Amino acid sequence: MGVCSGGNATLLLLLVIFWSPMIVVSTKAFKLRISCGARRDTRTHTLSSNSTKLWRSDTGYSGGIIGNATRTKSSVIPPLRTLRYFPLSTGSENCYKINYIPHGRYQVRFFFATLAGWKGEPLFDISIQGTEIYSMRSGWSNDDDRSFVEALLFVKSRQSIYGCFHSTGRGDPSVLSVEILQIDDKAYDLDDEGMVLRRVKRISFGTEKPISSEKDRGERFWVPIKTLNQNLSYHYDRCLFTDISIPHSGISPNFYPEQLYQTAIVSTSAHPELSYEMEVEPKYSYSIWLHFAEIDPEITEIRARVFDVLVNDHTFFTNVDIFRMTGRTRSAVVLKKTYLVQGTTLRITLRPKIGSLAIINGIEVFQLIPMEFKTSGEEVRSLQNLKSKLGLPLRLGWNGDPCVPQQHPWSGVDCEYDANRRHWVIAGLGLNDQGLKGFLPDDVFNLRHLQKLNLSGNMIQGAIPGSLGKIGELRILDLAFNTLNGSIPENLGRLTRLKILNLNGNSLSGPVPTSLGARLVHRTSFNFTDNDGLCGIPGLQSCRRQLSIGAKVGIGLAVLLVLLLMLLCITCWVKRRRNIARTKKTVSAHAAREAPYAKARTRSFH
Ligand SMILES: *[C@@H]1O[C@H](CO)[C@@H](O)[C@H](O)[C@H]1NC(C)=O
Ligand SMILES: *[C@@H]1O[C@H](CO)[C@@H](O)[C@H](O)[C@H]1NC(C)=O
Ligand SMILES: *[C@@H]1O[C@H](CO)[C@@H](O)[C@H](O)[C@H]1NC(C)=O
Ligand SMILES: *[C@@H]1O[C@H](CO)[C@@H](O)[C@H](O)[C@H]1NC(C)=O
Ligand SMILES: *[C@@H]1O[C@H](CO)[C@@H](O)[C@H](O)[C@H]1NC(C)=O
Ligand SMILES: *[C@@H]1O[C@H](CO)[C@@H](O)[C@H](O)[C@H]1NC(C)=O
């Protein structure tokens, strides 16, 4: 029985679309289409029907520059005239952020186009919710299937969706459209909220026309492929087509279009195997969906066509008998399984066992990408406040999440992963010599994990926020060559881990806090030179006692009190002297009077 090993049949995961008289109730799904660069809302026609799609103007979603898109004859790329592109002067990371998305599953799709009049295509990276999902490869602008990126993800209530475009230094990222389309809550078994499913391939076999169906909620694009075994002009396979309806093919949750099952490729006896190969990212799991419907009029019973499905030569499904699974002809069946690919190719092979000829109607392949953990919300807010308060230049970007995708952190930001809290934190900020102006915000202490802060060589003014003293991890604080004034906050003395403190080249004044001055000997490097009036440590001027008004008043009062006391004392003394003098006089008078008696008494003891 060929290559299959016995126990594999139990691993089969069959998702048979059963006949059920279910009526599709299309609940109101969230739908937002943005025509990038468009100043007004526009409408375009859909692929096959005469309905139209509404494209919203993109004002307020993103930075970047508006340009004209190169027109294509593609029936897949929306016929929009404008695009938005992002030169490096607007930062290497630019995002579209859509807020207040209702809870549910979404198909997010970006179409790309080249700027009219420009030669060459930009190559850049794309991320959704901070998770990098794709890197554009050269040749995309001539390939309908690679001119857009599509991902399926889960969004929690009132979250936002943000897609970012990351420059890789090979041209300016340029975006034609952004689509956020709600799909069924159970679509594509997206159980794991921590996963993004990126569409790798979606193929309809045996046809030349792309499929578009009104029922197809997400309006998926199916690449048409007519032959799999082609040798010069000779086809070793053949197409099948039926216009008989495949009822209930488009049912919940995936709403597959009926046309998908009305065409197929069948192998011929000259070449019984059917095989399709695609290039993939290595070391990722791929979710593979195979679509079948027995539309060959010659197959009318079970065991008439039985084949194995192999993925990269591993048996995936054994003894697939579509007729047996569906119980009749022209009925849809979907087989689905996840497979970890080590290399860069994913090859799906159908190997006939009975009847010798394989059949296939469609394939979908999704890359399973684990969602990145985000940066601590508190620290993101603190960085955004810093960005606005110090007027960070546009070229630094600072859009999206600071730490993820890990391939593209914000410039000047060092990140660390906190495994306990499952988020990223900011461990360092290097924004020296960026022409920053303004006051250092007080909430900078919310960057609680900061070990290094280098803001030297800017034009930051005002006082050093005392709250910096709350960043207990701080080891390096470089605020040199700014225009900071006022005195050094006493709180900086609480930074016991501080090894380097550069405050030189500012307009600081007043005494260096003794808690800092005392630590100069402990293998630390503190630089306080080139300031207006810092004093009190060796190498600086000694502090002239400058007294505050309060102190002066205090001293004045004290002096007055002392004077009063002295006056009182003197008065007392003078009075006393007088009293004594008077007493003496009286005493001598008495003595003169009483002396004989005294003498006599004295004498009497002898
Ligand atoms: C297009 O519109 C016409 C009338 O406006 C309608 O009769 C026809 O069925 C529509 N075609 C499709 C494919 O929806
Ligand atoms: C785009 O094309 C229109 C004409 O089609 C032209 O008027 C306009 O200036 C172009 N815009 C840019 C940014 O090149
Ligand atoms: C075409 O097929 C024949 C036999 O099937 C084979 O000998 C020949 O090498 C093939 N040519 C190409 C270009 O693959
Ligand atoms: C801060 O940045 C400047 C400029 O790059 C550099 O000279 C200085 O050494 C940095 N400070 C510290 C403490 O690393
Ligand atoms: C510091 O500078 C700011 C403006 O740059 C000024 O408003 C403030 O009064 C100055 N403070 C001191 C203590 O000189
Ligand atoms: C302190 O900074 C000044 C420049 O403001 C520099 O000339 C000096 O060498 C620095 N001192 C130390 C010890 O690094």
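In what follows, every heavy atom counts, from backbone to side chain, and hydrogens, waters and symmetry copies are set aside. Numbering of residues begins at 1 and proceeds along the displayed sequence. Keep in mind the model is a prediction, meaning the values are calculated, not measured.
- Within 6.0 Å of CZ in R395 there are more than 12 heavy atoms belonging to other residues, nucleotides or ligands.
- Checking each of R220, R109, R56 against E179 for a salt bridge (Lys or Arg N to Asp or Glu O under 4.0 Å) leaves exactly one that passes, namely R109.
- Between the side chain of N361 and the backbone N or O of T263 there is at least one donor-acceptor pair closer than 3.5 Å.
- Checked for salt-bridge contact, D313 and R347 meet the test: a charged N lies under 4.0 Å from a carboxylate O.
- Taking each heavy atom of S174 and A113 in turn, the nearest pair found is OG-O, 2.6 Å.
- At most 12 heavy atoms of other shown residues, nucleotides or ligands fall within 6.0 angstrom of atom CD in E279.
- Side-chain atoms of E379 come within 3.5 Å of backbone N or O of I426 as a donor-acceptor pair.
- In plain terms, the two heavy atoms of M136 and I126 that are nearest each other are SD-CD1, 3.6 Å.
- Under a 3.5 Å cut-off, the side chain of E121 and the backbone N or O of G139 do form a donor-acceptor pair.
- Side chain of S267 to main chain of D237: no donor-acceptor pair is present (N/O by atom type, distance under 3.5 Å, no hydrogens or angles).
- Between the side chain of S287 and the backbone N or O of T338 there is no donor-acceptor pair closer than 3.5 Å.
- From N482, atom CG reaches atom CG of L440 across 8.5 Å, with rounding to the nearest 0.5 Å.
- Side-chain atoms of L392 and L431, non-hydrogen and from C-beta on, do get closer than 4.5 Å to each other.
- Within a 6.0 Å sphere centred on CD of Q342, heavy atoms belonging to other residues, nucleotides or ligands number more than 12.
- Under the 4.0 Å criterion applied to side-chain N and carboxylate O atoms, D58 and R84 are assigned as salt-bridge partners.
- The side-chain hydrogen bond (donor to acceptor under 3.5 Å, both in side chains) check on W55 picks up T44, with sequence neighbours excluded.
- S74 and D144 share a side-chain donor-acceptor pair at under 3.5 Å.
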- Message: Evaluate I225 against Y276 for side chain to side chain contact (heavy atoms under 4.5 Å, CB included), listing each step before the verdict.
- Response: CA-CA 10 Å; I225 288 187; Y276 184 77; 3.6 Å; yes

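- Between the side chains of Y339 and N312, not a single donor N or O lies within less than 3.5 Å of an accepting N or O.
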- Message: Does L429 form a side chain to side chain contact (heavy atoms under 4.5 Å, CB included) with L383? I'd like the steps, not just the answer.
- Response: CA-CA 10 Å; L429 264 187; L383 285 183; 4.0 Å; yes

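- Nearest heavy atoms, S177 versus P78: OG-CG, 4.1 Å.
- Remark: I128 CD1 to I133 CD1 distance equals 3.5 Å, nearest 0.5 Å.
- Between the side chain of N399 and the backbone N or O of E93 there is at least one donor-acceptor pair closer than 3.5 Å.
- Under the salt bridge (Lys or Arg N to Asp or Glu O under 4.0 Å) criterion, K209 pairs with no residue, sequence neighbours left out.
- With hydrogens and angles ignored, the 3.5 Å screen pairs a side-chain donor or acceptor of Q182 with a backbone N or O of F30.
- Residues T168 and R170 bring a donor and an acceptor atom of their side chains to less than 3.5 Å of each other.
- Side-chain atoms of T114 and T70 form a donor-acceptor pair, as typed in the model, at a separation below 3.5 Å.
- Between the side chain of T131 and the backbone N or O of E372 there is at least one donor-acceptor pair closer than 3.5 Å.
- Residues L368 and Y284 fail the side-chain proximity criterion, which asks for heavy atoms closer than 4.5 Å.
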- Message: Using side chain to side chain contact (heavy atoms under 4.5 Å, CB included), reason through Y134 and Q367 one step at a time and then give a plain yes or no.
- Response: CA-CA 10 Å; Y134 192 60; Q367 182 184 3; 5.8 Å; no

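- Applying salt bridge (Lys or Arg N to Asp or Glu O under 4.0 Å) to D145 and the options R202, R137, R199 leaves one that passes, R199.
- Using a 4.5 Å cut-off on side-chain heavy atoms (C-beta onward), W398 and P393 make no contact.
- Around atom CZ of R146, more than 12 heavy atoms belonging to other residues, nucleotides or ligands sit under 6.0 Å away.
- Distance check, rounded to the nearest 0.5 Å: CZ of F110 to CG of L176 gives 12.5 Å.
- Side-chain contact between S249 and Y256: absent, with no pair of heavy atoms (C-beta onward) separated by less than 4.5 Å.
- Ring planes of F165 and F112: perpendicular class, angle over 60° (limits at 30 and 60°).
- With 3.5 Å as the limit, one finds no donor-acceptor pair spanning the side chains of H408 and S92.
- One N or O on the side chain of T82 and one on the backbone of C36 form a donor-acceptor pair closer than 3.5 Å.
- Counting heavy atoms from C-beta outward, F205 and I363 have side chains that approach closer than 4.5 Å.
- Side-chain contact between F241 and C239 is absent, with no heavy atoms from C-beta onward closer than 4.5 Å.
- Between S275 and L228, the shortest heavy-atom contact is O-CD2, 3.7 Å.
- Checked against the 6.0 Å centroid threshold, H103 and F154 count as a close aromatic pair.
- The shortest side-chain heavy-atom distance between T344 and V280 does not fall under the 4.5 Å cut-off.
- Summarising the geometry of F221 relative to P210, their closest heavy-atom pair is CE1-CB, 3.5 Å, with the distance given to 0.1 Å.
- Partner of E364 under the side chain to side chain donor-acceptor pair (under 3.5 Å) criterion, chosen from K201, H291, K336: H291.
- Side-chain atoms of S456 and N432 form no donor-acceptor pair, as typed in the model, at a separation below 3.5 Å.
- Within the 3.5 Å criterion, the main-chain N or O of S160 finds a donor-acceptor partner in the side chain of Q129.
- Note that CD1 of I180 is 8.5 Å distant from OH of Y106, once rounded to the nearest 0.5 Å.
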- Task: Could you give me the CA-CA distance, side-chain angles and deciding distance for T349 and F316, then say whether side chain to side chain contact (heavy atoms under 4.5 Å, CB included) is met?
- Result: CA-CA 10 Å; T349 307; F316 218 49; over 6 Å; no

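- In this structure, CG in D443 is found 11.0 Å from CD in Q384, a value given to the nearest 0.5 Å.
- A distance of 9.0 Å separates CD1 of I476 from CG of N502, quoted to the nearest 0.5 Å.
- With a 4.5 Å cut-off on side-chain heavy atoms, L181 and R33 count as touching.
- Here the closest non-hydrogen pair linking V334 and Y261 is CG2-OH, 3.7 Å.
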